Each structure stands twice: as structure tokens, then as C-alpha cells.
> 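Before I ask anything, here is the structure I am working with.
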Amino acid sequence: MARLQSGAVQFSWQLESAPDQAASATVQQMIITEQKQSRTDAVGQGRTPALVDVNADCRSIIVNAPVAEVYRRCLEFEKLPEFIPSIRKIEKTSPTSFSCLWATRDAALTTNVKIIMRVPERRIAWQAVSDDFRVGVVFLDSLVGGITKVTIKVRSIVEPVMLTALGLHLRNFKRFIERGTR
């Protein structure tokens, strides 16, 4: 069994099956490869392997809007730049995918994102189809009084800096949703 260091988040895709088996297989292969490498590195240095995913984060926020409204707005991909300032342009390529132009200090990057699972008013999972491989899940929990708890779990193997902005993006998302429901 994997042991996590303090503050680490383990992201598991085995909670639910994804309708896109190719995407699911890709995620599973990445996890298996990463686990094997971690074990090999640790054993080679005489240590017990500890699987730690340092490029992962999980954050939650309460949004003053009903879960149906929050879910609907989560699916408006073209509006991502309104609460994620580093996104410059979104182009919807199909009902379940979009292309995203990011601006960084050094360059502009394009990432293709595919929605791999949707459970109405409960969760949305995505996978980036690029060298920047990212995966994530948004969980929605309806609370008493027509408010919603939004929890986002993200994992990236190359951009830990993006993860530090997750809290800011989530606060921006809250403002984005609450402005639209007044």
C-alpha cells in the first residue's frame, strides 16, 4: 500500500469507470509507470518506496448558487478565461473537447482538453491530450439552502506552478458563478 507524505494528495481514477476507455487506459498506464519508477528509484537507494504525487492539489469552496446552475456553468468551457486569467483563448472542438491557448511568462501553449466523464449535477472529469498531461475532476455537492460545495482535484506531471494558482482560480470561479445568478 502506498504511503503519502504530509500534505500530499493521492489522485485515484479507480473510483468510477470512464466512458472513454482509451483515456482511462492512458491515465491508468501513467499511474502504473509512475509507481514503478518511484519504487525502482527508492529500492535502488535502499529505501522503502513512498508514492507521493507532488504535482497534485485538492481545494474546495462554497458557492451561493444551486448545484444545477453551478454544473451548467462548469460546462461553459468558452467562459474559462473569465476566471482563469492565464487562458487567452478557448475553441470548442466538439461537445466534449476544446482547445485552450495559455499564456505563460516564456511562451504561449496550446492544450487540447477532453471531458472524459460527466455525472449531471455531481462531477466532471477531464484529461489534457498534450505533452503537458493534466487530469482533473470537479465534484459538486448540493448543500442545504440552495448552495453548492465545489471541490476540484487536479494533477499535473509538469506544471506544479499552475497548481499554486488553483485557490485563486476557485475564488474567481465563485465570483463568476455568483455574479451570474443574481
Side-chain angles (χ1 to χ4, degrees), residues 9 11 13 15-16 18-20 23 26-27 53 55-182:
V9 177
F11 189 84
W13 280 87
L15 298 175
E16 297 182 33
D20 185 335
T26 302
V27 172
D53 192 352
N55 297 336
D57 201 357
C58 178
R59 303 283 175 106
S60 296
I61 199 162
I62 302 298
V63 177
N64 294 315
V67 71
E69 176 69 10
V70 175
Y71 179 79
R72 183 184 68 76
R73 301 287 302 273
C74 282
L75 293 175
E76 296 176 341
F77 312 124
E78 63 279 358
K79 294 189 178 179
L80 286 171
E82 292 184 38
F83 56 91
I84 303 177
S86 58
I87 297 178
R88 299 295 185 233
K89 182 180 174 185
I90 296 286
E91 182 181 327
K92 199 168 184 177
T93 55
S94 80
T96 60
S97 18
F98 58 91
S99 177
C100 181
L101 177 65
W102 297 81
T104 67
R105 289 182 194 167
D106 302 327
L109 305 168
T110 299
T111 301
N112 295 313
V113 178
K114 181 173 178 75
I115 304 303
I116 58 174
M117 180 181 58
R118 291 190 328 197
V119 179
E121 300 182 13
R122 296 289 299 150
R123 83 184 41 145
I124 301 168
W126 71 90
Q127 173 180 342
V129 186
S130 71
D131 293 339
D132 302 349
F133 192 88
R134 291 183 200 102
V135 292
V137 180
V138 174
F139 298 93
L140 305 174
D141 294 306
S142 181
L143 302 177
V144 176
I147 60 176
T148 304
K149 179 180 178 185
V150 178
T151 301
I152 185 167
K153 293 182 181 184
V154 294
R155 181 167 184 259
S156 172
I157 62 170
V158 294
E159 287 192 33
V161 168
M162 181 198 135
L163 299 177
T164 61
L166 185 59
L168 172 65
H169 298 327
L170 203 50
R171 289 188 299 278
N172 290 344
F173 177 73
K174 174 184 171 70
R175 285 191 292 277
F176 168 75
I177 297 294
E178 291 176 353
R179 264 194 321 262
T181 57
R182 290 184 187 156

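What you see is a predicted model, and the numbers here were worked out from it, not measured in a lab. Position 1 is the first residue of the sequence; numbering continues from there.
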> Please determine whether salt bridge (charged side-chain N to carboxylate O under 4.0 Å, His left out) holds for the pair R155 and D57, giving the CA-CA distance in whole Å, both sets of side-chain angles, and the decisive distance to 0.1 Å.
CA-CA 7 Å; R155 181 167 184 259; D57 201 357; over 6 Å; no
> Which class fits the ring pair F173 and F83: parallel under 30°, tilted 30 to 60°, perpendicular over 60°?
perpendicular
> Name the one of L170, I152, T151 that satisfies side chain to side chain contact (heavy atoms under 4.5 Å, CB included) with I61?
L170
> Judged by atom type as modelled, is there a donor-acceptor pair below 3.5 Å linking the side chain of R122 to the main-chain atoms of L140?
yes
> If I take atom CD from residue E82 and atom CD1 from residue I87, how far apart are they, to the nearest 0.5 angstrom?
11.0 Å
> Can you check whether N64's main-chain N or O pairs, donor with acceptor, with E178's side chain at less than 3.5 Å?
yes
> List for me each residue that meets salt bridge (charged side-chain N to carboxylate O under 4.0 Å, His left out) alongside R175, sequence neighbours excluded, and say none if there are none.
none
> Any side-chain heavy atom of N112 within less than 4.5 Å of one from S97?
no
> NZ/K79 to CZ/F176 distance, rounded to the nearest 0.5 angstrom?
5.5 Å
> Do the side chains of N172 and P85 get nearer than 4.5 Å, heavy atoms only?
yes
> Say you draw a straight line from SG of C100 to NZ of K92; how long is it, rounded to the nearest 0.5 Å?
14.0 Å
> With V70 as reference, evaluate I177, V138, I147 under the side chain to side chain contact (heavy atoms under 4.5 Å, CB included) test and give the passing residue.
I177
> Using a 4.5 Å cut-off on heavy atoms from C-beta on, say whether the side chain of F77 contacts that of I115.
yes
> How many angstroms lie between CZ in R118 and CG in L75, if you round to the nearest 0.5 Å?
5.5 Å
> Using atom types as modelled and distance alone, determine if a side-chain donor or acceptor of K174 lies under 3.5 Å from a backbone N or O of I62.
yes
> To the nearest 0.5 Å, tell me how far L166 CG sits from R171 CZ.
9.5 Å
> Judged by atom type as modelled, is there a donor-acceptor pair below 3.5 Å linking the side chain of T148 to the main-chain atoms of A65?
yes
> I'd like to know whether F139 forms a side-chain contact (heavy atoms from CB on, under 4.5 Å) with K153, so could you lay out the CA-CA distance, the side-chain angles of the two residues, the decisive distance to 0.1 Å, and finally the verdict.
CA-CA 8 Å; F139 298 93; K153 293 182 181 184; 3.7 Å; yes
> For the CD atom of E69 and the CD atom of E121, what is their distance to the nearest 0.5 Å?
10.5 Å
> For residues K149 and S60, report the shortest heavy-atom separation together with the two atoms involved.
CE-OG, 3.6 Å
> Where is the tightest heavy-atom contact between V137 and W126, given as atom of each residue plus distance?
N-CZ3, 3.6 Å
